[in-house]
Amino acid sequence: MATAPIPSPSNEPVCAYLPGSSAREELNQALSDTAAHVAELPVLIAGGAIRTGNLAEVRMPHDHGHVLAKLHQAGADDVQKAIDGALRIAPEWANTSFETRAAIFLRAADLIAGPYRAKINAACMLGQSKTCHQAEIDAACELIDFLRFNVSYAEQLQAVQPVSEPGLWNRVDYRPLEGFVLAITPFNFLAIAANLPTAPAILGNVVLWKPATVTGLGVQVVMEILTKAGLPEGVISVIPGAGPEQGRVALESPHLAGIHFTGSTATFQHLYQETAKRIGSYRTYPRLVGETGGKDFIVAHPSAELDALCTSILRGSFEYQGQKCSAASRLYLPKSLWPRLQSQLVDEIKAIKMGDVRDFSNFMGAVIDERAFSRIQGYLNVARESAQILAGGNGDRSKGWFIEPTLVEVKDPKHQLMREEIFGPIVTAYVYEDSAFEEVLQLVDTTSPYGLTGAICARDRQAIELAASTLRNAAGNFYINDKPTGAVVGQQPFGGGRASGTNDKAGSIWNMTRWVSPRTIKENFVPPTHWSYPFLR
């Protein structure tokens, strides 16, 4: 049978949800339908759904009295069943043709783009408190892009083959890893959460997916879509749970072949340490791929254009309540621009509306849960005690977990608020003398342990080149005259180094290479018939 090339991927257009549009009406209906009943979310493994009775609640962050779903948490026995089931079907899935696997994930992308778009966006909006725009660029567009581009990258990978001399045929068999992949996924991006199990599965791996509890509703929609697209039961098992038990059982299995992780730096370091302790017990050396925290920066040169800089700060810091690992968290601003910029920022921050994401006039929703609210309030207390709050600075948990967009100024560039990841709508500014631009670049590079995203705002080309060179290792995604958020699959492969992860670039061919174990095959068409070489004569 001939092998046909897959359709060339392109980025999914972003729907604007304009007033009066049919898309907006469909989304509003999906929001009403989703909020109208409490969903039941079982453990999903080969052999069917398991209802453990050990329930966790999924609540709307912006209306925390409203329960969206009750999620059955997986126990140790359930995780072991998931592992056993995945290993049973692993040979069949590994031997499934690439074309068949590709068709499943391409169909899933089209289902999201079409009949499931409103449903998946509604689950993301209500479960993760995202505005319609933030849900659209995440749960719809980015997830569609991950599926389409990853299939294309997998095809490109398999096309990389060695040369062959006359009489020989050399080739590479791109095998899946031997065992299972554990995907541990975050609350803040449903697309990333779904990408972590699907990327290895595209290449023939079986996966155990441990999602964040608060994403349970969105995860259920993703699995419904994958099942409808033809994914066999058990290729991706869902083992939800709020505690470490699910990860512990997977780490103790000799069949752990890889970990695909996005979350906190501390958790990834713990996984690394626990894997290292057991390294002699595994059948293969597990692949560890992780994207973790960030303390992302915007540094402005005195030549920066004021309105563009202001917009980069506001969008980069406060979209999705600052709960993006790429969100701007520290600013380095020249003294000459500061009076005008400060006034403009304060006025704009005061104009930002915050509230229920079902009100499309709101720019911000709530932070994800009570724990996040309390942590961020702790940083606001630090700001009150040792810095100057210029805008915002308050929180209200009476109905939802709301934190105002907050601008802080510090005099010490090594202040706690300039060093530690906050993961909330707080951005801290340090104002420098215009003549100290080069020194400030050194501060940017050395103040934080992270290396995820950052931006330089300037019109002076020499300043841009100096920043790009000095900060070469300070950010895995570096932006010039733009905000440090909003990486697009196929355009800006995402990931960072230092304490921010392994920089395997989600949404790229580099990430896909981590989920294969190449086998080199040499076939000799006319093998020699005597052991002697000519030089022996």
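- By the 6.0 Å contact criterion, CH2 on Trp338 is enclosed, its count of non-hydrogen atoms from other residues, nucleotides or ligands being greater than 12.
- In Arg24, the CZ atom is crowded: over 12 heavy atoms of neighbouring residues, nucleotides or ligands sit closer than 6.0 Å.
- The side chain to side chain contact (heavy atoms under 4.5 Å, CB included) test with Leu111 is passed by exactly one of Leu106, Ile225, Leu147: Ile225.
- Between Asp356 and Asn362, the shortest heavy-atom contact is O-ND2, 2.9 Å.
- No option in Thr131, Val367, Ile137, Asn188 other than Asn188 meets the side chain to side chain contact (heavy atoms under 4.5 Å, CB included) test with Tyr320.
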(request) Go through the steps for Glu420 and Tyr379 under the test side chain to side chain donor-acceptor pair (under 3.5 Å), then give the verdict. (result) CA-CA 10 Å; Glu420 297 180 7; Tyr379 282 103; 2.7 Å; yes
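- With ring centers used as reference points, His260 lies under 6.0 Å from Trp515.
- Atom-to-atom distance recorded for Asn394:CG and Thr406:OG1 is 7.5 Å, nearest 0.5 angstrom.
- Inter-residue side-chain proximity for Pro186 and Thr262 is flagged as met; some heavy-atom pair is nearer than 4.5 Å.
- A distance-only check finds no donor-acceptor pair linking the side chain of Gln73 to the backbone of Thr52 [under 3.5 Å].
- Looking at His64 and Lys399, their side chains never come closer than 4.5 Å, going by heavy atoms from C-beta outward.
- Using a 4.5 Å heavy-atom threshold, the side chains of Arg358 and Asp63 count as touching.
- Side-chain contact check for Glu25 and Ser21: no donor-acceptor pair (N or O, by modelled atom type) lies under 3.5 Å.
- Smallest separation of non-hydrogen atoms from Glu12 and Arg148: OE1-NH1, 3.0 Å.
- The distance from atom CD of Glu421 to atom CZ of Arg330, rounded to the nearest 0.5 Å, is 11.5 Å.
- Ion pairing between a basic and an acidic side chain is recognised when a charged N comes within 4.0 Å of a carboxylate O; Arg459 and Glu305 show no such pairing.
- Leu44 CG to Gln220 CD: the interatomic distance, rounded to the nearest 0.5 Å, is 8.0 Å.
- Remark: the backbone N or O of His301 is not paired with any side-chain donor or acceptor of Asp460 at under 3.5 angstrom.
- Ile368 approaches Ala372 most closely through the heavy-atom pair CG2-CB, 3.9 Å.
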(request) Show your reasoning for whether side-chain contact (heavy atoms from CB on, under 4.5 Å) applies to Asn150 and Phe105. (result) CA-CA 9 Å; Asn150 281 345; Phe105 293 100; over 6 Å; no
(message) The test is side-chain contact (heavy atoms from CB on, under 4.5 Å); show your working for Met512 and Ile202 and say whether it passes.
(response) CA-CA 9 Å; Met512 301 300 279; Ile202 288 169; 4.2 Å; yes
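- In this structure, Arg315 and Thr485 have side chains that are not in contact, with every pair of non-hydrogen atoms separated by 4.5 Å or more.
- A donor atom on one side chain and an acceptor atom on the other are found under 3.5 Å apart for Glu224 and Tyr116.
- Between Ile298 and Leu309 the shortest heavy-atom distance is CG2-CD1, 4.0 Å.
- Looking at Glu136 and Lys130, no side-chain N of the basic residue comes within less than 4.0 Å of a carboxylate O on the acidic one, giving no salt bridge.
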(message) Would Thr198 and Leu226 count as a side-chain contact (heavy atoms from CB on, under 4.5 Å) here? Give the steps.
(response) CA-CA 9 Å; Thr198 56; Leu226 291 173; 4.1 Å; yes
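- A donor-acceptor pair under 3.5 Å is formed between the side chain of Trp93 and the backbone N or O of Ala201.
- Contact check for Met354 versus Glu404: side-chain heavy atoms found under the 4.5 Å cut-off.
- Without hydrogens or angle criteria, Thr267 side chain to Gly263 main chain gives no donor-acceptor distance under 3.5 Å.
- Using a 4.5 Å cut-off on side-chain heavy atoms (C-beta onward), Ile89 and Glu233 make no contact.
- Ser343 contributes no side-chain N or O that, together with a main-chain N or O of Pro339, makes up a donor-acceptor pair within less than 3.5 Å.
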(message) Does Asn11 form a side chain to side chain donor-acceptor pair (under 3.5 Å) with Asp145? I'd like the steps, not just the answer.
(response) CA-CA 6 Å; Asn11 293 113; Asp145 289 350; 3.0 Å; yes
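- Annotation: the span from Ser22 atom OG to Tyr17 atom OH amounts to 10.0 Å, rounded to 0.5 Å.
- Here CG of Asp482 is found 12.5 Å from CD1 of Ile456. Values are rounded to the nearest 0.5 Å.
- Between Ser374 and Glu370, the closest side-chain pair of non-hydrogen atoms falls below 4.5 Å.
- A donor-acceptor pair under 3.5 Å is formed between the side chain of Lys505 and the backbone N or O of Gly476.
- Checking side-chain atoms of Thr265 against main-chain N and O of Gly293 turns up a donor-acceptor pair under 3.5 Å.
- Checking side-chain atoms of Thr100 against main-chain N and O of Thr96 turns up no donor-acceptor pair under 3.5 Å.
- Looking at every heavy atom in both residues, Pro197 comes nearest to Thr185 through CD-CG2, 4.4 Å.
- Judged purely by atom type and a 3.5 angstrom limit, Gln321 uses its side chain to pair as donor or acceptor with the backbone of Ser129.
- One N or O on the side chain of Thr215 and one on the backbone of Ala212 form a donor-acceptor pair closer than 3.5 Å.
- Across all non-hydrogen atoms, the minimal contact from Asp138 to Leu190 is OD2-N, 3.0 Å.
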(request) Determine, step by step, whether Leu341 and Leu333 satisfy the side-chain contact (heavy atoms from CB on, under 4.5 Å) criterion, reporting the C-alpha distance in whole Å, the side-chain angles of both residues, the deciding distance to 0.1 Å, and the verdict. (result) CA-CA 9 Å; Leu341 179 61; Leu333 306 170; 3.8 Å; yes
(request) Would you sort out whether Ser326 and Lys324 count as a side chain to side chain donor-acceptor pair (under 3.5 Å), showing the intermediate values? (result) CA-CA 5 Å; Ser326 57; Lys324 301 183 180 185; over 6 Å; no
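- The side-chain heavy atoms of Leu380 and Ile426, taken from C-beta on, include a pair separated by under 4.5 Å.
- Side-chain contact of His133 with Glu319: a donor-acceptor pair under 3.5 Å is absent, judged by distance alone.
- Taken to the nearest 0.5 Å, the CZ atom of Phe423 stands 6.5 Å off from the CD atom of Gln323.
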